[in-house]
Undergrad: 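After the structure tokens below, expect a handful of questions from me.
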Protein chains: 2
Amino acid sequence: MRGITLRIGELASQAGVSVRALRYYEEQGLLTAERSASGQRVYPDNAVEQVKLIQNLYAAGLASRAIEPIMPCVRTGEVTPELLDRLMAERARIEERIGGLVETRDKLDAIILVVAESLHEGRPCPRD
Amino acid sequence: MRGITLRIGELASQAGVSVRALRYYEEQGLLTAERSASGQRVYPDNAVEQVKLIQNLYAAGLASRAIEPIMPCVRTGEVTPELLDRLMAERARIEERIGGLVETRDKLDAIILVVAESLHEGRPCPRD
DNA sequence: CTTGCCTCTGACGTCAACGTCAGGTTTTAG
DNA sequence: CTAAAACCTGACGTTGACGTCAGAGGCAAG
């Protein structure tokens, strides 16, 4: 029933993180792993997606403490109404951050455009 | 010719950061301030926007070292072609991060929707 | 003029997300 | 069979973005 399984180094390279990071995630309760007879970690292939999600949640400004309660539900699909509130709260935070980043990108675009034009037309540097 | 000026505490509360953070930004060369006769920092009102931009750049995953060279150009509008490359590179990073966050938001949405439905219809927890 | 709040400059403390090293076992390639 | 490569568990080190405390000076109000 099981698809391909991965060892920690393979998962690390496929997910674009370090081996150390994966052990850290496990330590923080973000990522679970089976163990082989000799004690080596064995991951299902969908762990790649889970790791990427963790990275994205970090990028969204969440800390491990905030990610930990929501990862089990990503795996099992079970959510308490209490957790649902948290999910929606985090969703809102992410939306906020997306808005800020879009703003920032547009600001950079404005600068880039002005400069590109002034370079193109040989003008010194238009302002005001 | 100058509009309203702000003291550090006022700027901090208007920009939603701490006083310590503002001093830190100055230390890192991200934010410049005039000084009153007695040595107190005096900011123009547009410093509020600059601080928010700094926060957004932090949220985009940039470090102070990466923000420092681009802030002067935000103020003056002057950009070297070398800096233009950096701006475009950072812009690309920001776009990437926006993409990741949108993905993450959608993933959360999927979970929220499924749970909301199952709660609504009294089902245990649909999966597979 | 003093009381209370704001500001200043150091300087040390903190916390999260890893990096890195030590010392040992396991797996794989030849 | 053996050597290299990957893995294991501690455990200490690092870095960035501030927090916090100490000690001193500035400024509007009564």
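Residue numbers start from 1 in every chain, and the chains themselves are labelled A, B, ... in the order their sequence lines are given, proteins ahead of strands.
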Undergrad: What integer distance in Å separates A:Glu27:CD from C:dG19:C1'?
TA: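 That distance rounds to 13 Å.
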Undergrad: How many angstroms lie between CD in A:Glu27 and CZ in A:Arg20, if you round to the nearest 0.5 Å?
TA: 6.0 Å
Undergrad: Between atom OH in B:Tyr58 and atom C1' in D:dG16, what is the gap in whole Å?
TA: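 Those two atoms, OH and C1', are 8 Å apart.
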Undergrad: Can you tell me the distance, in whole Å, between the CD atom of A:Glu26 and the P atom of D:dC7?
TA: 14 Å
Undergrad: Which whole-number value in Å describes the distance from A:Leu6 CG to D:dA6 P?
TA: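 Those two atoms, CG and P, are 15 Å apart.
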Undergrad: Under 4.0 Å: is that the gap between some side-chain N or O of A:Ser38 and OP1 or OP2 of D:dC8?
TA: no
Undergrad: Return yes if the base of C:dT27 and the side-chain atoms of A:Arg7 contain a donor-acceptor N/O pair under 3.5 Å, otherwise no.
TA: no
Undergrad: Measure from CD1 on B:Ile8 to C1' on C:dC8 and round the result to the nearest Å.
TA: 9 Å
Undergrad: Nearest 0.5 angstrom please: B:Leu57 CG to B:Lys52 NZ, how far?
TA: 14.5 Å
Undergrad: With nearest nucleotide decided by heavy atoms, which residue, B:Leu22 or A:Gly9, maps closer to the 5′ end of DNA chain D?
TA: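 Residue closer to the 5' terminus by nearest nucleotide: A:Gly9.
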Undergrad: Ignoring backbone atoms, test whether B:Tyr24 places a side-chain nitrogen or oxygen under 4.0 Å from the OP1 or OP2 oxygen of D:dA17.
TA: yes
Undergrad: Under 4.0 Å between a Lys/Arg side-chain N and an Asp/Glu carboxylate O for A:Arg35 and A:Glu26?
TA: yes
Undergrad: Looking only at side-chain atoms of B:Gln40, point me to the closest of C:dT7, D:dC8, D:dC18.
TA: C:dT7
Undergrad: In terms of side-chain heavy atoms, does A:Tyr25 have a donor or acceptor partner in A:Glu68 at a distance below 3.5 Å?
TA: no
Undergrad: Could you tell me how far apart B:Ile67 (CD1) and D:dG16 (P) are, to the nearest whole angstrom?
TA: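 Those two atoms, CD1 and P, are 13 Å apart.
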Undergrad: NA contact type, A:Arg35, heavy-atom cut-off 4.0 Å: base, sugar-phosphate, or nothing?
TA: sugar-phosphate
Undergrad: Inspect the contact between A:Arg105 and B:Glu95 and indicate whether a charged nitrogen and a carboxylate oxygen are less than 4.0 angstrom apart.
TA: yes
Undergrad: Applying a 4.0 Å non-hydrogen cut-off, can you work out what A:Arg23 is touching in the nucleic acid: base, sugar-phosphate, or nothing?
TA: base
Undergrad: Nearest-Å distance, CG (A:Asn56) to P (C:dA17)?
TA: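 Taking CG of A:Asn56 and P of C:dA17, I get 15 Å after rounding.
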Undergrad: Under 4.0 Å from OP1 or OP2 of C:dC18: is there any side-chain N or O of A:Tyr25 that close?
TA: yes
Undergrad: Between A:Gln28 and B:Arg20, which is nearer to the 5' end of DNA chain C once each is assigned its nearest nucleotide?
TA: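 Final value for this comparison: B:Arg20.
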Undergrad: For B:Ser18, report the nucleic acid contact type (base, sugar-phosphate, nothing); a contact means any heavy atom under 4.0 Å.
TA: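 B:Ser18: backbone/sugar contact only, no base atoms under 4.0 Å.
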Undergrad: Looking at C:dC18, D:dC7, D:dA17, which one has an atom nearest to any side-chain atom of A:Val19?
TA: D:dC7
Undergrad: Please give, in whole Å, the distance from D:dG16 P to B:Leu57 CG?
TA: 17 Å
